[in-house]
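See below for the structure under consideration.
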There are 2 protein chains.
Amino acid sequence: MSNAKVLPVLEPAVEPCCPPLTERPLTAQEAIRTAAMFKALGDPVRLRLFSAVASHEGGEACVCDISDVGVSQPTVSHHLKKLKEAGLLTSERRGTWVYYRVEPSVLAAMGHILGRYAA
Amino acid sequence: MSNAKVLPVLEPAVEPCCPPLTERPLTAQEAIRTAAMFKALGDPVRLRLFSAVASHEGGEACVCDISDVGVSQPTVSHHLKKLKEAGLLTSERRGTWVYYRVEPSVLAAMGHILGRYAA
DNA sequence: CAGCTATGTTGACACATATCGAATCAACGG
DNA sequence: CCGTTGATTCGATATGTGTCAACATAGCTG
C-alpha cells in the first residue's frame, strides 16, 4: 500500500520533467520518462496520425478524417491509444465521432529537452 | 560491383527531410524517415548515453566515460551503434579509446519538425 | 426497438529489439 | 612478442511491439 503514485499510466509525463540533453547526463528516472515521449513518435504510423491531427483545421480531427494511413482500423485505434497514453493527444467523443486534439505542453517539453539544437 | 551507394548505413537521414508536423500530414516516406530519428531516442539507455555525450566537456566523450548506465559493455556498444546509424552520433578512434560526438544537424532537424511547439 | 455506422477492445501471431555471455578485434606496455 | 585492457561482434534468448480478424460498445436513424 503506502502511496498512490505507483500507477505509471496515470502520469502522462506532462509536467516539465527533464533538463536539456546537453545540460547534464540524465538520470535513469529522467531517461525513462523522456524516452517514453520520443518513443511515442518513433513509429511511422503514429507519426502520420499525429501529424494529421496537428495539421488539421482547428487543431483537432475525428478518426474518420485521419484513418487513411494504410493500416486497418483497429491498428489506427491502437496507435491513437498509445499517443494518448504518452500524453501527446487528448480525445473527446462528440456524438457519433471521436475527436483527437494535440496536447501542446508535451511537445514543448520535447523541444526544451532537445536544447540548443532545436533553436 | 557496380556502384558504391548500396550500403544503407551511409545515408544517416541528415538532410532536411520533413516539414513541421503541424504544416501538413506527413507522407509515408517522410514518416518513416522522421520516426527513425525519434525512435533512436526512444530508449532510456540510448537517451542516457546520448545525454552523456551531449553534456560532456567539448561535446565528445569516450566510451569509458559514459558506459556506466547499468547495462553490460556489449549492450552499450550496441546502443551506440544504433545512435550512429540514426545519424545522431559520430565516432572516431584515437589510440586506445573511441570518442563519440553529437551530430547537431539531426537534432536541429528534429526541433524543426516539432514546429511551433518547440519554440 | 432494430439496424447501421463509427470506435474501441481482445486474442493471437509474426517480427523486432534489448540484453547478456562468450569470443574476437585493437591498441598499448612490458 | 605476449599479456592486459578497452571496445566491438556473435549467438542465443526473453520480452516488446505492430498488425489484423473477430468481437464488443456507443450513438444515430428509421
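Atom set for the values below is all heavy atoms of this structure, side chains included, hydrogens, waters and symmetry mates excluded. Below, chain A is the first sequence line, B the second, and so on; all start at residue 1.
- What you find for B:Arg48 and A:Ala31 is that their closest heavy atoms are CG-CB, 3.3 Å.
- Atom CG in B:Leu41 sits roughly 16 Å away from atom C1' in C:dT17 (whole-Å rounding).
- As rounded to whole Å, 8 Å separates atom C1' of C:dA16 from atom NZ of B:Lys82.
- Of the possible polar contacts, none joining the B:Thr75 side chain to the B:Val71 backbone as a donor-acceptor pair under 3.5 Å is found.
- Of the candidates D:dG16, C:dT17, C:dT7, the closest approach to any side-chain atom of A:Lys39 belongs to D:dG16.
- Atom-to-atom, CG of A:Leu80 to C1' of C:dA6 comes out at 13 Å; the value is rounded to the nearest Å.
- Between the CG atom of A:Leu107 and the CG atom of B:Leu114 there is a distance of 6.0 Å, given to the nearest 0.5 Å.
- Annotation: the span from B:Arg33 atom CZ to B:Thr27 atom OG1 amounts to 10.5 Å, rounded to 0.5 Å.
- Regarding A:Glu92, its CD atom lies at a distance of 15 Å from the C1' atom of D:dG27, rounded to whole Å.
- Taking side-chain N and O atoms only, B:Lys81 has no distance below 4.0 Å to OP1 or OP2 of D:dA7.
- With values rounded to the nearest 0.5 angstrom, A:Leu83 atom CG is found 9.0 Å from A:Tyr100 atom OH.
- The side chain of A:Cys62 lies closest to C:dT7 when the candidates are C:dT17, C:dT7, D:dA7.
- Taking Ile, Leu, Val, Met, Phe, Trp and Tyr as members and joining any whose side-chain heavy atoms lie under 4.5 Å apart, directly or through other members, B:Ile32 forms no hydrophobic cluster with any other residue.
- Remark: C1' of C:dT7 and OH of A:Tyr99 are 13 Å apart, rounded to the nearest angstrom.
- Annotation for B:Glu23: atom CD counts as buried by contact number, over 12 foreign heavy atoms lying within 6.0 Å.
- Overall bending of the helix from C:dC1-D:dG30 to C:dG30-D:dC1, expressed as the angle between end axes built from five pairs apiece, is 20° (10° steps).
- Salt-bridge annotation for A:Lys84 and A:Glu103: absent, with no side-chain N of the basic residue lying under 4.0 Å from a carboxylate O of the acidic one.
- For the atom pair A:Leu49 CG and A:Leu88 CG, the distance stands at 12.0 Å (nearest 0.5 Å).
- Atom CG of A:Leu49 and atom C1' of D:dT19 are 14 Å apart (whole Å).
- Each of C:dT17, C:dA6, C:dA18 was ranked by its minimum atom distance to the side chain of B:Arg46; first place goes to C:dA18.
- Atom pair A:Trp97:CH2 and C:dG8:C1' shows a separation of 17 Å (rounding to whole Å applied).
- The shortest distance between the side-chain N/O atoms of B:Tyr100 and the OP1/OP2 oxygens of D:dT8 is below 4.0 Å.
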How would nucleotides 19-30 of chain C be written as a contact map, 5' to 3', with B for base contact, S for sugar-phosphate-only contact and - for no contact, using protein heavy atoms under 4.0 Å? BBBB---SSS--
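- Taking atom CG of residue B:Asp65 and atom C1' of nucleotide D:dT5, one finds them 15 Å apart after rounding to whole Å.
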